[in-house]
Amino acid sequence: MSRDSIVERIAPELAPFTQYSRDLLSGGKRFRAQFCYWGWRAVSPANTASAVPSENDLDVLVDLCAGLEIFHAAALVHDDIIDNSDTRRGMPSVHRRFESLHQGEGWRGPGRTFGEGSAILLGDLLLAWSDELIAHAVLGAPSLETHLATRAAVDLMRTEVTLGQYLDLMEERAWPTVGLDESLDRALRVIVYKSAKYSVEAPLVIGASLRGASTAQLDSLRRFGLPLGIAFQLRDDLLGVFGDAERTGKPSGDDLREGKRTALVALTRARLDPPSRRLFDELLGDPDLDDAQIRMLQQTMRETGAVLEIETMIAERLKAALGELERASLGDTARAELASLARRITQRES
């Protein structure tokens with residue numbers, strides 16, 4: 001029985017759950033799915049004649065990759081509630097859509113709490129659907145060993161990204177108690193666990209584990225994936241401040257209104273004199289920042305050299321990742337595709 005039919009059978013009022021999920025999943029760049037697929041393609045167990053997936057292999061991979069994308073959608077729904085974000089992928093965020101539904105129907109009680117509660121439930125439902133797909137996919141593993149290895153990699157990813165999300169939430173509140181000399185390291189710690197491992201390293205390892213990758217191959221993919229994942233998130237942090245809203249699907253400067261404690265912010269604050277830093281701190285995180293104030297914060301980040309430093313960090317980590325990829329014992333086609341994907345995610349504009 002399809003998920004749509006289950007929802008429809010229970011009650012027609014549940015239609016927003018499938019509609020909002022479908023809308024959210026129709027966008028995005030599918031980077032995690034691509035890394036999972038090419039992680040699988042990159043490794044070849046003994047006696048495997050071809051790196052190209054058979055029809056059965058492809059069915060399993062589609063379930064696995066779709067499970068990762070649905071997990072990501074669930075994380076976005078919850079993340080938008082935590083960050084109080086109004087938009088996602090060029091549309092109202094899910095909790096705002098439920099809030100509008102409440103208001104449009106003239107229901108009792110505060111629309112905000114209804115919207116947030118409903119979105120939490122939709123996020124939880126997406127987590128369940130994600131696990132269904134992943135559980136079905138690992139049943140197609142070629143051996144019990146690869147089944148368990150794939151499942152363990154998925155479980156580790158989910159634990160790390162959830163705890164990374166907490167670290168991000170904590171840093172947005174704890175920053176006044178953190179010394180300037182610690183801020184950058186703490187921002188990078190958030191990047192590693194909330195994004196870098198989850199977005200690049202884990203999908204690579206999950207896909208490769210399903211194929212029966214050796215320990216050496218998995219280690220190579222991790223050495224490639226982690227610096228690349230950090231570079232990916234550093235680019236995302238720049239786009240969160242300077243990105244074109246039509247390309248990113250979120251208002252320009254949104255991270256400034258949310259008060260994200262990114263590496264870019266840490267570098268900027270460390271290079272300001274005390275009076276300028278106090279002004280910067282007063283503005284950062286104000287949800288009512290106007291366009292002029294956004295431009296002032298953006299200019300401050302440029303003038304301190306923080307933006308250039310982030311660009312340097314991206315370039316260095318991309319170079320390190322590509323060097324690891326070149327040395328890795330992986331299939332040539334997959335190596336070329338992964339190199340192309342690495343450049344694409346670190347040089348993107350959305």
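Heads up: numbering here begins at 1 and tracks the sequence.
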### Task
Taking side-chain contact (heavy atoms from CB on, under 4.5 Å) as the test, write out the residues that go with R271, two or more places apart.
L267, T304, E309

### Query
Do D281 and R269 come close enough that some side-chain heavy atom pair is under 4.5 Å?
yes

### Task
State, to 0.1 Å, how close C36 and I206 come at their nearest heavy-atom pair, and which atoms those are.
SG-CG2, 4.4 Å

### Task
Go through D57 and S54 one step at a time and tell me if the side-chain hydrogen bond (donor to acceptor under 3.5 Å, both in side chains) criterion holds.
CA-CA 5 Å; D57 288 334; S54 65; 3.1 Å; yes

### Task
Could you walk me through whether R186 and M170 pass side-chain contact (heavy atoms from CB on, under 4.5 Å), step by step?
CA-CA 11 Å; R186 290 171 70 115; M170 181 190 72; 3.7 Å; yes

### Task
May I have the step-by-step check of side-chain contact (heavy atoms from CB on, under 4.5 Å) for R222 and E324, ending in yes or no?
CA-CA 9 Å; R222 290 188 182 100; E324 290 293 346; over 6 Å; no

### Message
Could you measure the distance from the CD atom of E326 to the CG atom of L330? Nearest 0.5 Å is fine.
### Response
10.5 Å

### Query
What heavy-atom pair brings A141 and T146 nearest, and what distance separates the two atoms?
CB-OG1, 3.4 Å

### Message
Whether the side chain of T18 engages the backbone of A15 through a donor-acceptor N/O pair (distance < 3.5 Å, no angle test) should be reported.
### Response
yes

### Query
Quick check: are there more than 12 heavy atoms from other residues, nucleotides or ligands sitting under 6.0 Å from CD of E182?
yes

### Query
Just wondering, do L101 and Y20 contact through their side chains at under 4.5 Å, heavy atoms?
yes

### Message
How close do R277 and L272 get, counting heavy atoms only, and between which atoms?
### Response
NH2-O, 2.6 Å

### N-O pairing of E316 and K319 below 4.0 Å
no

### Side-chain donor/acceptor of R335 to backbone N/O of A328, under 3.5 Å
yes

### Exceeds 12 heavy-atom contacts within 6.0 angstrom, atom CZ of F17
yes

### Task
Take the angle between the ring planes of H102 and W107 and call it parallel below 30°, perpendicular above 60°, tilted in between.
perpendicular

### Donor-acceptor side-chain pairing of Y193 and R189 below 3.5 angstrom
no

### Query
Can you hop from L184 to V190 via hydrophobic side chains spaced under 4.5 Å?
no

### Message
Between E171 and R261, does any side-chain N to carboxylate O distance fall below 4.0 Å?
### Response
no

### Query
Any link between L204 and L64 through a network of hydrophobic side chains (Ile, Leu, Val, Met, Phe, Trp, Tyr) touching at under 4.5 Å?
yes

### Query
At their closest point, which heavy atom of F224 faces which heavy atom of A321, and how far apart are they?
CD1-O, 3.2 Å

### Query
Are side-chain heavy atoms of I310 and R235 found at a separation under 4.5 Å?
no

### Query
Between the side chain of H95 and the main-chain N/O of G117, is any donor-acceptor distance below 3.5 Å?
no

### Residue pair L279, L283: steps toward the side-chain contact (heavy atoms from CB on, under 4.5 Å) verdict
CA-CA 6 Å; L279 176 60; L283 293 173; 4.3 Å; yes

### Query
According to a 4.5 Å side-chain heavy-atom criterion applied to Ile, Leu, Val, Met, Phe, Trp and Tyr, with indirect links allowed, do L238 and V200 form part of one hydrophobic cluster?
no

### Query
About how many Å separate CG of D80 and OG of S85, when rounded to the nearest 0.5 Å?
4.5 Å

#### Entry: Where G285 and P287 come nearest, the two heavy atoms and their spacing
O-CD, 3.2 Å

#### Entry: Within-4.5 Å side-chain heavy-atom neighbours: R151 and S209
no

### Task
Would you indicate whether the side-chain heavy atoms of N84 and E258 approach each other to under 4.5 Å?
no

### Partner of K260 under salt bridge (charged side-chain N to carboxylate O under 4.0 Å, His left out), chosen from D254, D255, D236, D168
D168

### Trace of the side-chain contact (heavy atoms from CB on, under 4.5 Å) decision for F71 with Y198
CA-CA 11 Å; F71 178 85; Y198 160 64; 3.5 Å; yes

### Task
State, yes or no, whether a side-chain contact exists between L169 and I82 at a heavy-atom distance under 4.5 Å.
yes

### Task
Count the heavy atoms belonging to other residues, nucleotides or ligands that lie under 6.0 Å from CD of Q299, then report whether that count exceeds 12.
yes

### Task
Working to the nearest 0.5 Å, report the span between OG1 of T162 and CZ of R158.
9.0 Å

## Note on the structure
Correct closest heavy-atom pair for S199 and F35 would be O-CD1, 3.8 Å

### Query
So, the side chain of S195 versus the backbone of I191: is there a donor-acceptor pair under 3.5 Å, distance only?
no

### Message
Closer than 4.0 angstrom, basic N to acidic O: yes or no for R278 and E282?
### Response
no

### Task
Just jot down the side-chain contact (heavy atoms from CB on, under 4.5 Å) partners of D63, sequence neighbours excluded, or say none.
L133, H136, A137

### Query
Taking the side chain from Q217 and the backbone from G212, do they hold a donor-acceptor pair closer than 3.5 Å?
no

### Task
Would you kindly confirm whether L239 and M91 end up in one hydrophobic cluster when ILVMFWY residues are joined by side chain heavy atoms under 4.5 Å apart?
no

### Message
Is it the case that the side chain of R88 and the backbone of L24 share a donor-acceptor pair, with hydrogens and angles ignored and the cut-off at 3.5 Å?
### Response
no

### Query
Is the backbone of G90 close enough, under 3.5 Å, to the side chain of T87 for a donor and an acceptor to pair up by distance?
no

#### Entry: Flag, side chain of E69 to backbone of L25, donor-acceptor distance under 3.5 Å
no

### Message
Please check: side-chain N/O of H147 versus main-chain N/O of V138, any donor-acceptor pairing under 3.5 Å?
### Response
yes

### Task
For the residue pair D23 and S26, confirm or rule out a side-chain donor-acceptor distance under 3.5 Å.
no

### Message
Just so I know, are the side chains of F242 and V307 near enough to count as touching, which here means a heavy-atom distance under 4.5 Å?
### Response
yes

### Task
Taking the side chain as every heavy atom from C-beta outward, state whether M157 and R32 have any pair of such atoms under 4.5 Å apart.
no

### Message
Test of understanding: clusters of I, L, V, M, F, W, Y form through side-chain heavy atoms closer than 4.5 Å, transitively. Do L68 and I345 belong to the same one?
### Response
yes

### Query
For the atom pair CD (Q293) and CG (D286), what is the distance rounded to the nearest 0.5 Å?
6.5 Å

### Query
Are the side chain of R348 and the backbone N or O of F232 linked by a donor-acceptor pair below 3.5 Å?
yes

#### Entry: Ion pair check, R257 and D83, cut-off under 4.0 Å
no

### Query
When rounded to the nearest 0.5 angstrom, what is the spacing between CE in M296 and CG in L256?
10.5 Å

### Task
Have a look at R317 and tell me which of I230, T346, T312, L322 forms a side-chain contact (heavy atoms from CB on, under 4.5 Å) with it.
I230

